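Heads up: the structure comes next, in structure tokens.
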Amino acid sequence: LHSQFPNLLNVYSHITISLFIFHCLVYFSITLLLLYLLIFSLAVTVFLSTLTPKFYVALTGTSSLISGLIFIFEWWYFRKYGMSFIEQVSVSHLRPLIGGTDNASSAQANFSAASGDNEMNRQNLSECKVWRNPLNLFRGAEYNRYTWVTGKEPLTYYDMNLSAQDHQSFFTCETDSLRPSDAVMQKAWRERNPQARIKAAYQALELNNEIFPFPFSCATAYILLAEEEATTILEAEKYFKQALRAGETVYKRSQHSSSQNPHHEAQLRRDTNVLVYVKRRLAMCARKLGRIKEAAKMMRDLMKEFPVLSVLNIHENLLETLLELQAYADVQAVLAKYDDISLPKSAAICYTAALLKARAVSDRFSPETASRRGLSTAEINAVEAIHRAVEFNPHVPKYLLEMKSLILPPEHILKRGDSEAVAYAFFHLQHWKRIEGALNLLHCTWEGSKCILSVIQTFFFFTSPMQYDNLI
């Protein structure tokens, strides 16, 4: 062995000596560290023993002053921007560093995923708290009108920041740098100034027209103009129709080329998002312009064409449109499909189900009569549905009963929160008023008047105590 590897023993001896020296250094370092800690602890003990009460008073006053300054700054920042500075830093900067993700943005950014991941997406969506408002208004044609009249901003900085993140997720992809117009729009969605965004949209259209003919126009530029520059719904619909023609052409081209390059998969997802968004907003334009049947048909066709996109909550748009048509049988059919325990609930689903149950009995419902003869089966079902809806979001009845004044709904809502209640009542209050006695039944059930509660308690206690416990 020595003849074959003459330097083996030398190498081994060097390694042994190096390990011995390393262990000696480690032991010496640990000894020095222990001595330092001992001396430091003694010094700290001596230092603390020499402190006087004046030091503690000064320390308390200084910490109180710093806390007060932080509180004043947080209050000023919240009044100006609509959110906490510490919360913004935590969400925007600290969460990405530790690997956290936003449920709302991650779930909605991937809403065009394959149907094979539907179960996994469904589980993730059940944990989602903040959602994009399915019935959100148009900024240029609706939100800005409030600004023109009152001089105040209807949306908070936090809400608009979430929308900017949504737009970047929906309408951008990795291949945007290959087309000058898409590169300009990628920057436009990050702009805070509305005029800068509009200017960038026109710039993208000019760049696109220089290279491509009209059918390949920049659809996202028309979307931005429809949302923010159009001052009327008719004008917004005109822009969306141009975006639809451009989006359909690009979408068909992406379908044919998706299998040729891996990067085209992301482009196909983006083009799908653009097409679905445009069709949905066109249906909403038709609804606002009074073409109710046309809007319902467009929403049904969109849900059939893209059945896996339940994350977009297009069925909530359809529910509101069918309620306007008073097509209650069709509303019940939609609820039968989407009011499922495995799907995320919403105030629109729960309160619409309660409205249909209340519609069957509300016109002849009377608390005095119910206290004398008891509740019928239909009335019990209506009361149970209202209790279920109130349990999901207890803020809604105050807005439906007009105990709290309505404001413009935000672009994002917190599930089971006050923002969701505002968004629901803003669009659905008229449907509750249209059904005679529905709000009266809601008021009696929600307030828990003595006569109704005594009837429910007596009836359920003697007939089915288990069912009574579940109801309460």
Side-chain angles (χ1 to χ4, degrees), residues 108 111 132-148 154-155 159-160 162-172 176 181-182 184-209 212 214-251 270-291 294-295 298-299 301-302 312 314 317 321 408-412 427:
Q108 296 192 18
F111 63 78
R132 188 167 179 84
N133 184 6
L135 300 171
N136 64 307
L137 304 176
F138 295 87
R139 285 195 185 181
E142 293 176 308
Y143 282 123
N144 283 350
R145 291 167 60 186
Y146 176 82
T147 305
W148 297 336
L155 298 174
D159 196 9
M160 291 188 289
L162 289 178
S163 297
Q165 296 177 16
D166 290 341
H167 295 153
Q168 294 176 52
S169 301
F170 293 169
F171 306 138
T172 62
D176 284 346
S181 58
D182 290 337
V184 171
M185 288 306 302
Q186 194 174 33
K187 296 179 180 179
W189 296 120
R190 295 195 294 264
E191 286 285 348
R192 292 188 178 182
N193 187 358
Q195 297 302 323
R197 289 195 296 269
I198 294 173
K199 182 179 179 181
Y202 279 115
Q203 181 183 357
L205 289 176
E206 292 177 0
L207 291 174
N208 193 87
N209 293 333
F212 300 98
F214 172 75
F216 296 96
S217 295
C218 187
T220 54
Y222 286 117
I223 290 176
L224 193 148
L225 295 176
E227 292 286 351
E228 302 197 17
E229 193 195 35
T231 57
T232 62
I233 301 298
L234 280 173
E235 190 177 352
E237 186 181 34
K238 177 182 176 182
Y239 279 124
F240 275 123
K241 286 181 178 179
Q242 291 176 297
L244 179 62
R245 289 195 292 269
E248 285 180 338
T249 304
V250 176
Y251 174 71
R270 190 274 306 272
D271 295 337
T272 304
N273 297 345
V274 170
L275 185 62
V276 173
Y277 185 91
V278 170
K279 287 187 174 182
R280 179 183 191 168
R281 295 301 260 178
L282 276 174
M284 295 175 67
C285 287
R287 163 68 182 90
K288 295 176 184 294
L289 293 173
R291 306 194 303 268
E294 179 185 348
M298 294 173 67
M299 293 174 188
D301 293 341
L302 183 58
L312 284 176
I314 303 175
N317 297 84
T321 304
L408 292 180
E411 292 184 337
H412 289 80
F427 295 100

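Quick note: numbers below take in every heavy atom, side chains included, and nothing from hydrogens, waters or symmetry partners. From a predicted model like this one, the values you see are computed outputs, not experimental measurements.
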*Could you tell me the separation between the CG atom of Asn136 and the OG atom of Ser163, rounded to the nearest 0.5 Å?*
7.5 Å
*asked:* Given the ring of Phe427, does Arg287 sit roughly above its face, with NZ or CZ under 6.0 Å from the centre of the six-membered ring and within 45° of the axis?
replied: no
*In Å, rounded to the nearest 0.5 Å, how long is the span from CG of Leu282 to CD of Glu237?*
6.5 Å
*With the threshold set at 4.0 Å, does a side-chain nitrogen-carboxylate oxygen contact exist between Lys288 and Glu142?*
yes
*Between Glu294 and Ala286, which heavy-atom pair has the shortest distance, and what is it?*
CD-CB, 4.5 Å
*Considering all heavy atoms, the nearest Ala200-Ala188 contact*: CB-CB, 3.5 Å
*Can you tell me if Thr172 and Gln186 form a side-chain donor-acceptor pair at under 3.5 Å?*
no
_Evaluation steps, salt bridge (Lys or Arg N to Asp or Glu O under 4.0 Å), between Lys199 and Glu229_ = CA-CA 10 Å; Lys199 182 179 179 181; Glu229 193 195 35; over 6 Å; no
*So, for Pro409 and Leu137, which heavy atoms are closest and what is the spacing to 0.1 Å?*
CD-CD1, 4.0 Å
*Indicate the ring-plane relationship of Phe171 and Tyr277, choosing parallel, tilted or perpendicular according to the 30° and 60° boundaries.*
perpendicular
*How many angstroms lie between atom CG of Leu225 and atom OH of Tyr202, to the nearest 0.5 angstrom?*
5.0 Å
*Heavy-atom distance under 4.5 Å between the side chains of Asp182 and Arg270, does that happen here?*
yes
*So do Asn133 and Glu411 actually touch side chain to side chain, heavy atoms under 4.5 Å?*
no
*Considering only heavy atoms from C-beta outward, does the side chain of Val278 approach that of Tyr222 to under 4.5 Å?*
no
*Distance-only, no hydrogens or angles: does the Arg197 side chain make a donor-acceptor pair with backbone N or O of Arg192 under 3.5 Å?*
yes
*Which atoms form the tightest heavy-atom contact between Ala283 and Met299, and what is the distance?*
CB-CG, 3.8 Å
*Can you name the closest pair of heavy atoms from Leu408 and Tyr143 and give their distance?*
CD1-CD2, 4.0 Å
*asked:* List the residues meeting salt bridge (Lys or Arg N to Asp or Glu O under 4.0 Å) with Asp159, not counting sequence neighbours, and say none if there are none.
replied: none
*In Å and rounded to the nearest 0.5 Å, what is the CD to NZ distance from Gln168 to Lys187?*
13.0 Å
_Where Phe138 and Glu227 come nearest, the two heavy atoms and their spacing_ = CD2-OE1, 3.7 Å
*4.5 Å side-chain heavy-atom contact, Val274 and Val250*: no
*asked:* Taking the side chain as everything from C-beta on, heavy atoms only, tell me whether Glu206 gets closer than 4.5 Å to Ser181.
replied: no
*Can you measure from CG (Leu234) to CG (Leu289) and round to the nearest 0.5 angstrom?*
5.0 Å
*For residues His412 and Asp166, is any side-chain donor paired with an opposing acceptor at under 3.5 Å?*
yes
_A side-chain contact here means heavy atoms from C-beta on lying under 4.5 Å apart; do Gln203 and Met185 qualify?_
no
*asked:* Measuring only between side-chain heavy atoms, which start at C-beta, is Pro154 closer than 4.5 Å to Thr147?
replied: yes
*How long is the gap from CD on Glu191 to CD1 on Ile198, to the nearest 0.5 Å?*
12.0 Å
*Sorted by first residue and then second, give each ring pair (Phe, Tyr, Trp, His ring centres under 6.0 Å) pair with at least one member in residues 224-246; sequence neighbours left out.*
none
*Consider only side-chain N and O atoms of Arg139 and Asn144, and report whether a donor and an acceptor are under 3.5 Å apart.*
no
